[in-house]
Amino acid sequence: MTMRVYNTLSREKEMFEPVVPGKVGMYLCGPTVYKPAHIGHAVGPIIFDSIKRYLVYKGYSVHWVVNVTDVEDKIIVEAEKRGVDVMELARDLERQYVDGLARLGVRSIDAMPRASEHIGGMIEHIQGLIERGYAYVVGGDVYFDVSKDKDYGKLSNRKQEEQLSGTRDGLVDKGKRNPGDFALWKAAKAEEPDAVKYESPWGKGRPGWHIECSVMAAKLLGVTFDIHGGGMDLIFPHHENEIAQSESLTDKPFSKFWLHHGLTRFNTKKISKSDADMARVMVDLQLNNLLAKHPAELLRFLILSSHYRAPIDFSPETLEAAGKGLGTFHRLFERLERVIGASPYKAEKRIEQVRDQANGPVAAAFLDEVLGDQVRFLEAMDDDFNTAAAIGVLFDMAGRVNRFIEQTRLETKRDEAAAVLASGGATTLIFLGRLLGLFEQAPETQSVGGDELTGELVKLLIDVRAMARKSKQFEIGDEVRKRLDGLGILLEDRADGTLWRRK
RNA sequence: GGCCGCGUACCCAAGUGGUUCAAGGGGACGGAUUGCAAAUCCGUUAUUCGUCGGUUCGAAUCCGACCGCGGCCUCCA
């Protein structure tokens with residue numbers, strides 16, 4: 001099955017063919033580390049991590065690079081404001097970011113190069129552009145001359161002349177030939193810390209914003225690689241400028257595919273730091289704070305529940321609804337463990353490996369349906385990594401396994417073949433979910449909070465309640481259940497005992 | 001002003017020309033099950049896809065206009 005991927009460059013879905021057969025190089029624009037990451041900063045990594053998992057499943061050898069921009073104006077300003085060392089601030093924020101991503105299941109990044117460690121390569125690149133006449137020096141600054149680049153604007157579909165009308169006061173600064181020219185190298189200012197003053201042929205200074213990506217991508221992935229991605233807001237000017245400065249030096253295509261994901265919103269507005277309304281909720285939207293309040297799997301699930309190019313409106317309501325949906329899977333896996341006595345998280349045999357257990361029409365139908373679901377899941381992923389549709393299939397599968405358990409009365413009747421089949425269905429479901437980074441391990445449920453005493457006390461109440469119910473004193477039993485419910489604890493009476501979990 | 005994207009049920013959200021194309025989730029309501037619940041299963045909840053036109057044998061899906069929302073053009077995932 002071939003994959004189709006939407007390419008911003010052509011504004012169409014294209015057949016996915018890597019530059020080198022069997023190998024995929026992908027680059028995602030990572031953060032500028034000057035403030036704690038928010039949920040929006042996790043969207044790209046989660047999607048790319050899922051893409052990588054899927055490509056690996058399809059048999060590709062994938063190399064994935066995420067940059068860290070640790071030399072930039074805003075970091076200098078922020079460090080100054082906090083009275084801390086620039087590089088310390090950058091490292092600290094980078095560490096927090098990487099930790100957050102790891103918790104979200106993003107563990108497949110192969111390299112995270114830092115801008116500060118590739119200054120030499122950037123200087124070489126800039127020199128090459130000057131020699132070829134694409135860049136010019138003004139004082140200690142170096143600018144890229146967009147008028148020399150004939151196809152400038154091809155990614156964002158902009159014409160330079162039309163941009164002029166948007167030019168505002170102060171934009172036409174010091175010695176630029178065209179307002180659209182952008183800095184490749186910025187001369188150091190006297191008051192800036194030494195840590196960000198790098199020697200160059202043009203005097204002390206530091207690289208402009210876009211050059212690090214061009215240089216690090218080429219170094220780690222080759223002059224032309226397969227997939228370059230980031231948020232929609234990076235299309236212009238960041239990615240446009242990357243293309244300009246890369247292709248003007250090499251005369252070869254930079255990235256073959258450009259993938260841009262939708263921006264995360266809150267109350268229909270992009271999560272940004274400049275809005276007063278947004279400033280109030282900003283702390284809650286920080287990655288570390290969200291991870292403290294919600295399971296990482298849920299955040300990941302929510303993000304993958306809509307297509308990557310669509311914007312996600314992030315709110316407590318959407319989180320709650322997603323949490324309920326996700327709970328369906330967790331309860332199914334618990335149910336299976338209870339019925340079969342083995343955790344589906346550890347089971348290895350997928351449905352096609354136990355097809356010989358399907359005797360009888362009910363089992364045969366179940367087998368067919370699950371096999372069909374598997375195909376539908378893969379088709380969804382093949383079509384521009386449609387994780388939203390893929391998750392829809394996972395819900396169908398959960399319903400099927402539950403139904404099969406009901407139909408075969410597995411909970412009360414011993415049926416080895418049916419049990420193996422049900423387990424195979426759930427294992428398939430888990431296997432597919434894991435391509436999205438979901439269901440990696442059983443969620444902490446019963447022992448939430450790690451408070452042993454709570455567990456013992458609830459058990460005690462359940463036992464007392466069972467005694468009451470046995471002697472038909474239901475009012476007492478119901479009172480216990482009601483009071484526990486008020487404390488956020490739900491009881492489930494089953495034939496083989498009472499289960500509890502937190503709401 | 002220029003460029004780009006979006007507008008599908010009460011909410012979220014797939015679907016970009018035609019045999020289940022109106023998925024899936026949340027919510028609500030009915031039924032099975034349960035002492036009652038919970039969980040699970042079954043069923044109902046958009047003859048209609050922002051509005052108005054057009055193309056077509058046929059459109060949520062293509063074209064045009066309009067309305068609304070958002071993004072970029074300045075730092076931004």
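Reminder, nothing fancy here: chain letters follow the sequence lines and each chain counts from 1.
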From NE2 of A/His330 across to P of B/U40 the rounded distance in Å is 13 Å
Practice item. Give one of base, sugar-phosphate or nothing for A/Gly40, where a contact means two heavy atoms less than 4.0 Å apart. Key: base
Just checking A/His260: base, sugar-phosphate only, or nothing, at a heavy-atom cut-off of under 4.0 Å? nothing
Which part of the nucleic acid, if any, lies within reach of A/Asn402 when heavy atoms closer than 4.0 Å are counted: base, sugar-phosphate only, or nothing?
sugar-phosphate
So that I can tick it off, tell me whether A/Asp73 and A/Lys189 are bridged by a salt bridge, with the cut-off set at under 4.0 angstrom between side-chain N and carboxylate O. no
Pair A/Asp383 + A/Lys13: basic N to acidic O under 4.0 Å: yes
- Query: Any salt bridge between A/Arg409 and A/Asp415, counting N to O under 4.0 Å?
  - Reply: no
Margin query: Please tell me if A/Ser156 has a side-chain N or O lying less than 4.0 Å from either OP1 or OP2 of B/C72.
Written below: no
To the nearest angstrom, the CG-P distance between A/Asp396 and B/G24 comes to 6 Å
inquiry  = Any side-chain to backbone donor/acceptor pair from A/Gln286 onto A/Pro36? Under 3.5 Å, distance only.
reply    = no
Here the distance between atom C1' of B/U33 and atom CZ of A/Arg335, to the nearest Å, is 11 Å
**Pairwise P distance, B/C62 and B/G24 [rounded to whole Å]** = 24 Å
Taking any heavy-atom pair under 4.0 Å as a contact, classify A/Gly477: base, sugar-phosphate, or nothing. nothing
Checking A/Asn289 side chain against A/Val283 main chain: does a donor-acceptor pair fall under 3.5 Å? yes
Out of B/A77, B/A14, B/G35, minimum distance to the side chain of A/Arg465 belongs to B/G35
### Task
Please state whether the base of B/C36 and the side chain of A/Asp493 form at least one donor-acceptor pair under 3.5 Å?
yes
key: Distance-only polar pair, side chains of A/Tyr54 and A/Asp382, donor-acceptor under 3.5 Å   = yes
Among B/U16, B/A77, B/A37, the one nearest any side-chain atom of A/His38 is B/A77
* Considering only NZ, NE, NH1 and NH2 on the basic side and carboxylate oxygens on the acidic side, decide whether A/Lys176 and A/Asp181 come within less than 4.0 Å. => no
Given Watson-Crick and G-U pairs under 3.5 Å, RNA chain B in dot-bracket ([ ] crossing, | other strand) is ((((((((.[[[..)..(.....]]]((((((.......))))))....[[[[[..)....]]]]])))))))....
Side-chain atoms of A/Lys324 come closest, of B/G27, B/A77, B/G24, to B/G27
query = Should we say atom CZ of A/Arg82 is surrounded by more than 12 heavy atoms from elsewhere, each under 6.0 Å from it?
reply = yes
* Asked: Phosphate oxygens OP1/OP2 of B/C3: is one of them under 4.0 Å from a side-chain N or O of A/Asn157?
  -> no
Taken to the nearest whole Å, CZ/A/Phe385 to C1'/B/A14 is 17 Å
| task | Using a heavy-atom cut-off of under 4.0 Å over every strand shown, decide if A/Leu490 touches base, sugar-phosphate, or nothing. | result | nothing
- Hey, does the side chain of A/Lys472 come within less than 4.0 Å of B/G35's phosphate (OP1/OP2), counting only N and O? no
Check your understanding: With rounding to whole Å, what would you report as the distance between B/A60 and B/G18 at their C1' atoms?
Key -> 13 Å
Mind checking the C1' distance from B/C3 to B/G43? Whole angstroms is fine. 49 Å
* With C1' as the reference atom in both, quote the distance from B/C21 to B/A37 in angstrom, rounded to an integer. => 40 Å
Look at the side-chain N and O atoms of A/Asn386 and state whether any lies under 4.0 Å from the OP1 or OP2 oxygen of B/G15. yes
Regarding A/Arg91 and A/Asp70, does a basic nitrogen lie under 4.0 Å from an acidic carboxylate oxygen? yes
**Report entry** Flag side-chain contact, heavy atom, 4.5 Å: A/Ser50 against A/Phe385
**Finding:** no
A/Ile303 CD1 to B/A14 P, in whole Å, measures 14 Å
OP1 or OP2 of B/A77 less than 4.0 angstrom from a side-chain nitrogen or oxygen of A/Lys270, does that happen here?
-> no
Check: Does A/Arg95 pair with A/Asp92 as a salt bridge, N-O distance under 4.0 Å?
Finding: yes
From CZ of A/Phe377 across to P of B/G15 the rounded distance in Å is 15 Å
With rounding to whole Å, what would you report as the distance between B/C10 and B/U16 at their C1' atoms? 26 Å
A/Glu317 CD to B/G25 C1', in whole Å, measures 16 Å
Within the stacking criterion (centroid distance below 5.5 Å, interplanar angle below 30°), does A/Phe395 stack on B/G25?
-> no
Looking at every strand, decide which applies to A/Thr264 at a 4.0 Å heavy-atom threshold: base, sugar-phosphate, or nothing. base
By nearest-nucleotide position on RNA chain B, the 5'-leaning member of A/Glu492 and A/Ala390 is A/Ala390
Practice problem: Give a yes/no on whether any side-chain N or O of A/Arg481 is located under 4.0 angstrom from OP1 or OP2 of B/A38. | Solution: no
Considering only heavy side-chain atoms of A/Arg501, the closest of B/A39, B/A77, B/C36 is B/A39
Margin query: Counting the atoms with a prime plus P, OP1 and OP2 as sugar-phosphate, which does A/Gly30 contact under 4.0 Å by heavy atoms, base, sugar-phosphate, or nothing?
Written below: sugar-phosphate
Whole-Å distance, A/Glu406 CD to B/U40 P, equals 10 Å
Looking only at B/C36, B/C73, B/U40, the nucleotide nearest the A/Phe236 side chain is B/C73
Closest to the 5' end of RNA chain B, once A/Arg331 and A/Ile391 are matched to their nearest nucleotides, is A/Ile391
Note to self: Taking the C1' atom in each of B/U8 and B/A14, what is the distance between them to the nearest angstrom?
What the structure shows: 10 Å
Nearest heavy-atom approach of A/Ser423 to A/Ile340 is CB-CD1, 3.8 Å
Open item on the list: Please report the distance separating the P of B/A38 from the corresponding atom of B/U34, rounded so that it comes out in whole Å.
Closed with: 14 Å
Of B/A14, B/A77, B/U40, the nucleotide closest to the side chain of A/Thr328 is B/U40
| said: If the cut-off is 4.0 Å, is A/Arg494 near the phosphate of B/A38, judged by side-chain N/O to OP1 or OP2? | reply: no
- Using atom P of each nucleotide, how far apart are B/G17 and B/A13 to the nearest Å? 22 Å
From the candidates B/A14, B/C12, B/A77, the one with an atom nearest any side-chain atom of A/His41 is B/A77
Requested in this report: Identify whether any heavy atom of A/Arg469 sits under 4.0 Å from a base atom; if not, whether one sits that close to sugar-phosphate; answer base, sugar-phosphate or nothing.
Outcome: base
Side-chain atoms of A/Arg158 come closest, of B/U16, B/A13, B/C73, to B/C73
- Query: When all nucleic acid strands are considered with a 4.0 Å heavy-atom cut-off, which category describes A/Asp73: base, sugar-phosphate, or nothing?
  - Reply: nothing
